Amino acid sequence: MSKLTAAITAVGAYVPDFVLTNKILETMVETNDEWITSRTGIKERRILKEEGQGTSYMAIRAAKDLIRKRNLDPKEIDLVLVATATPDLMVAATAAYTASEIGATNAFSYDLQAACSSFLYGMSTAASYIESGRYKKILLIGADKMSSIIDYTDRTTCIIFGDGAGAVLFEPNTEGLGLQDEFLRSDGIGREFLKMDAGGSMLPASEETVRNKQHYVYQDGKSVFKFAVSNMADVSAKIMERNGLTHEDVHWLVPHQANKRIIDATAKRMGLDAEKVMINIHKYGNTTSATLPLLLHDYEQQLKKGDNLVFAAFGGGFTWGSIYLKWAYNP
Ligand code: UT7
């Protein structure tokens, strides 16, 4: 029997309707469209406004989009993974609720959290299960309601993040397509630079933590930027080198959408022209776990069977890495 590889065989997505533009942000904090555009590449982001709804609201819709497009029977799904930094609830898995709501009644499910690298790491997890032969259909969803942990009076973070969800299906492949190699890293040195202080086991919620605004994301942007630029470029170059890929062999860079300047630096290091770099940061900002599947959704019609894709991400923790994947289907 030929070796099993893990291929992405379908994609789905959902973004909320409400568009938070740079112009609107200008009325909320001291900032301007020119600064945001030139420093980050972001023009607008989506915000989930539905009362009482969390990340699962978007995860369910992204999954249903995939199920509809692929004409998939959800009962065939073995495992539902939800990559997220903003689960609906602190304890009950968002993935369990999502799986039930989409009718994946034969699946087990759990959440996976590694900040902005959650989806990238999730790809590794999903692929490993498939390669082992243990499961045949794994739904990996990347979803985040970042607006639930952002302080909209803090101009250093509120301009960056947005809400959204994307989903992919992993299935076994015997043609050698799908995930080829991965280079995943982490370093706890990063904990101080990008975090949410309160609400976890170290500093549970109290009147004081609320008063001190410790339930919002804090980011030392400059430091994170420096680490992100060098590390994302390093792992992407490394995965190319390890697999004997030249810039001509790489058809697409699929980079985490945190800052256009970080993406440009990664592409430059890989020797890639701009037309090979997937970008949607201008439309959605940084959606944390959703950036990579949202890119696949936006570019799906341009992807061809056999295309070489290099995924790269960097996030809180720090967590980061790169994955080399061969695309498995034509539009
Ligand atoms: O996805 C997870 C990983 N996260 C990242 O990768 C994000 C990495 N960091 C970044 O993308 C960038 O550091 C930011 C976009 C967050 C900030 O850009 P920067 O070029 O590093 O700006 P800065 O923090 O050095 O600030 C430059 C100036 C400061 O003013 P002074 O001190 O020079 O007078 C800031 O106060 O810009 C000011 N500033 C702003 N001005 C207008 C900061 N935020 C804003 C703003 N509008 N929203």
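Both counts, for ligands and for their atoms, begin at 1 and track the order of listing. It should be emphasised that the depicted structure is a prediction, and the values quoted were computed from it without experimental measurement.
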Mark whether atom 41 (N) of ligand 1 lies under 4.0 angstrom from at least one protein heavy atom. yes
Has Lys49 got its NZ or CZ under 6.0 Å from the middle of the six-membered ring of Phe18, at an angle within 45 degrees of the ring axis? yes
Considering only residues two or more places apart or on different chains, which pairs with a residue in residues 62-120 satisfy ring pair (Phe, Tyr, Trp, His ring centres under 6.0 Å)? Phe108-Tyr135
So which heavy atom on Ala267 is nearest to which on Val277, and how close? CB-CG2, 3.7 Å
Atom NZ of Lys276: over 12 foreign heavy atoms under 6.0 Å: yes
Would you say the rings of Phe318 and Trp320 are close, in the sense that their centroids are separated by under 6.0 Å? no
If you scan protein heavy atoms around atom 35 (C) of ligand 1, the nearest is Arg155 NH2, 3.9 Å
Under 3.5 Å side-chain donor-acceptor pair for Thr86 and Thr55: yes
Looking only at side-chain N and O atoms, does Ser147 offer a donor or acceptor that is under 3.5 Å from a partner on Asp163? yes
Suppose we measure from atom 22 (O) of ligand 1 to each protein heavy atom; which comes out shortest, and what is that distance? Arg39 NH1, 3.4 Å
Quick one: does atom 32 (O) of ligand 1 have a protein heavy atom under 4.0 Å from it? no
Taking only non-hydrogen atoms of His256 and a 4.0 Å limit, the atoms of ligand 1 in range are 1 (O)
Checking heavy atoms under 4.0 Å, the part of Val29 that sits near ligand 1 is neither
Which residue and heavy atom of the protein sit nearest atom 12 (C) of ligand 1, plus the separation: Asn259 ND2, 3.9 Å
Using protein heavy atoms only, decide if any is under 4.0 Å from atom 29 (C) of ligand 1. no
Is there a side-chain contact between Leu81 and Phe170, using heavy atoms and a 4.5 Å cut-off? no
Determine whether any heavy atom of Ile160 lies closer than 4.0 Å to an atom of ligand 1. yes
Starting from atom 44 (N) of ligand 1, find the nearest protein heavy-atom neighbour and note its residue, name and distance. Trp35 CH2, 3.4 Å
With atoms numbered from 1 as shown, which atoms in ligand 1 lie under 4.0 angstrom from a non-hydrogen atom of Thr40? 15 (C)
Provide, to 0.1 Å, the distance between atom 7 (C) of ligand 1 and the closest protein heavy atom, together with that atom's residue and name. Gln219 OE1, 3.4 Å
Exercise: do Tyr14 and Asp65 side chains pair donor with acceptor under 3.5 Å: no
What are the atoms of ligand 1, with element, lying closer than 4.0 Å to any heavy atom of Ala258? 1 (O), 5 (C), 6 (O)
Say whether Arg70 and Thr9, considering side chains only, have a donor N or O and an acceptor N or O under 3.5 Å apart. yes
Aromatic centroids of Phe227 and Phe314 separated by under 6.0 Å: no
Checking contacts now, so for atom 19 (P) of ligand 1, which I'm interested in, is there any protein heavy atom under 4.0 Å? yes
Which residue and heavy atom of the protein sit nearest atom 1 (O) of ligand 1, plus the separation: Asn286 ND2, 2.7 Å
Which residue and atom name correspond to the protein heavy atom nearest atom 2 (C) of ligand 1, and how close is it? Cys116 SG, 3.3 Å
Among all the protein's non-hydrogen atoms, which is closest to atom 6 (O) of ligand 1, and how far away is it? Ile262 CD1, 3.3 Å
Pick from Gln257, Lys222, Lys260: the one approaching atom 25 (O) of ligand 1 most closely through a non-hydrogen atom: Lys222
